[in-house]
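Inspection log for the structure reproduced underneath, given as structure tokens.
Throughout, protein chains are lettered first and strands after them, A, B, ... in sequence-line order, and every chain is numbered starting at 1.
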Amino acid sequence: MSRPEHQAPPEIYYNDAEAKKYTSNTRIQSVQAELTYRALELLNLPEDEPAYLLDIGCGSGLSGEILDEEGHMWVGMDISPAMLPEVALDREVEGDLFLQDVGQGMGFRPGTFDGAISVSVIQWLCNADRSSHNPKSRLTRFFSTLYSSLRRGAKAVFQFYPENDDQCELLMNTAMRCGFEGGLIPTEDGKPKMPKALGEDGEDEP
Amino acid sequence: MRLVVHNMLQCHVKGCVSNNFPLQLLDVELEIQEIEFNPRFLQNMLPRLDWRAFVTTAAQIGINSLPQDLPEVFDEDFLKKLHRILFETHIVQGKMICANCSHEYPVKDGIPNMLLSEDEA
Ligand SMILES: [Zn+2]
């Protein structure tokens, strides 16, 4: 099967039917849950302290449910209008949801969040879905506005499925240029189609 | 969207970098959704709050009981009042308007639509 990000832009691909399929598929759910726990682990937040987190591409709120359980407050954003109200509200997650294309950047004041997670989303930003889309400038807009929305020393963890080395390099270089430090953490090799995780630090304010 | 989030939000239209906060509320419908009082988290969030902007926004939706400046010492009653306004008061319908570029961000069913047109992004 071809990669979903090659078939259609995310707001089209995750239409009502796809959104429902996505949230009712238990295998997808358990992978998502596992990746969310892993991302939280990498965020390395102070113990027993509720944090204010950003969930980039929160989709149907699967990861948000886990953030709720862990006692955090969060803001979730997704570009798919089908994912957000139809499914996320049914799920009754606690987070505040935004309909947002993160490739257009985000408008949070500097130092808002204690951390950010993103599960299986940023590979979408490497696509040019419209002729006006320039992946490089969209990634720059994304990483730079995200960087400024994080508190000093806060981390952002992005899990993604890179298509090739060039894509990895584009993502890494752009993130670094926008102020992030950190690196790639490949998950256990040997298993086909296993995701790679990218953990990054926002060490200093710009 | 909780009011606390509105206080963190500024306009993100490309090139709109000054006078873009706080977004003005228009025709808003509010809803109270109770959640557990968490004084520690609230104390944690207070330094991130732009108090003056918060007071202005609260006044736009008819809450006029906030002091002009955040008191240096406050009791639990004050925290509970803040909890109510910041964490339990949701904007469910309405518009958020940028004072600088006039972009309107509609809020529908509690979800702000932050999508920009091609020439704004
Ligand atoms: Zn503006």
When heavy-atom pairs shorter than 4.5 Å are enumerated against chain B, which of A:L99, A:D114, A:T145 gives the highest number?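 That would be A:L99.
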Evaluate whether atom NZ of B:K108 has more than 12 neighbouring non-hydrogen atoms of other residues, nucleotides or ligands under 6.0 angstrom away.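 Not buried by this count: 12 neighbours or fewer within 6.0 Å.
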Taking side chain as everything from C-beta outward and backbone as N, CA, C, O, which of these in A:R141 sits under 4.5 Å from a heavy atom of chain B? Side chain, backbone, both or neither.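 Only the side chain of A:R141 comes within 4.5 Å of chain B.
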With a cut-off of 3.5 Å and sequence neighbours excluded, list every side-chain donor-acceptor pair involving residues 113-121 of chain B.
residue, atom, partner, partner atom, Å
B:N113, OD1, B:L115, N, 2.9
B:S117, OG, B:D119, OD1, 2.7
B:S117, OG, B:E120, OE1, 3.1
B:E118, OE1, A:S132, OG, 2.1
B:E120, OE1, B:H103, ND1, 3.4
B:E120, OE1, B:S117, N, 2.9
B:E120, OE2, B:H103, ND1, 2.6

Who wins among B:N7, B:V4, B:N20, B:N44 for the most heavy-atom pairs under 4.5 Å with chain A?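 Ranked by contacts with chain A, first place is B:N7.
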Side chain, backbone, both or neither: which part of [X] has a non-hydrogen atom closer than 4.5 Å to chain A?
| X | value |
| --- | --- |
| B:L49 | backbone |
| B:Y105 | neither |
| B:I35 | side chain |
| B:V107 | neither |

Is B:K80 salt-bridged to B:E76, cutoff N-O under 4.0 Å?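 Looking at B:E76 together with B:K80, the answer is yes, because their closest N to O distance falls below 4.0 Å.
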Under-4.0 Å salt bridge between B:E34 and B:R84: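 Looking at B:E34 and B:R84, the cut-off is met.
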Do A:F98 and A:F108 have ring centroids that are under 6.0 Å from one another?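 Between A:F98 and A:F108, which both carry aromatic rings, the centre distance is below 6.0 Å.
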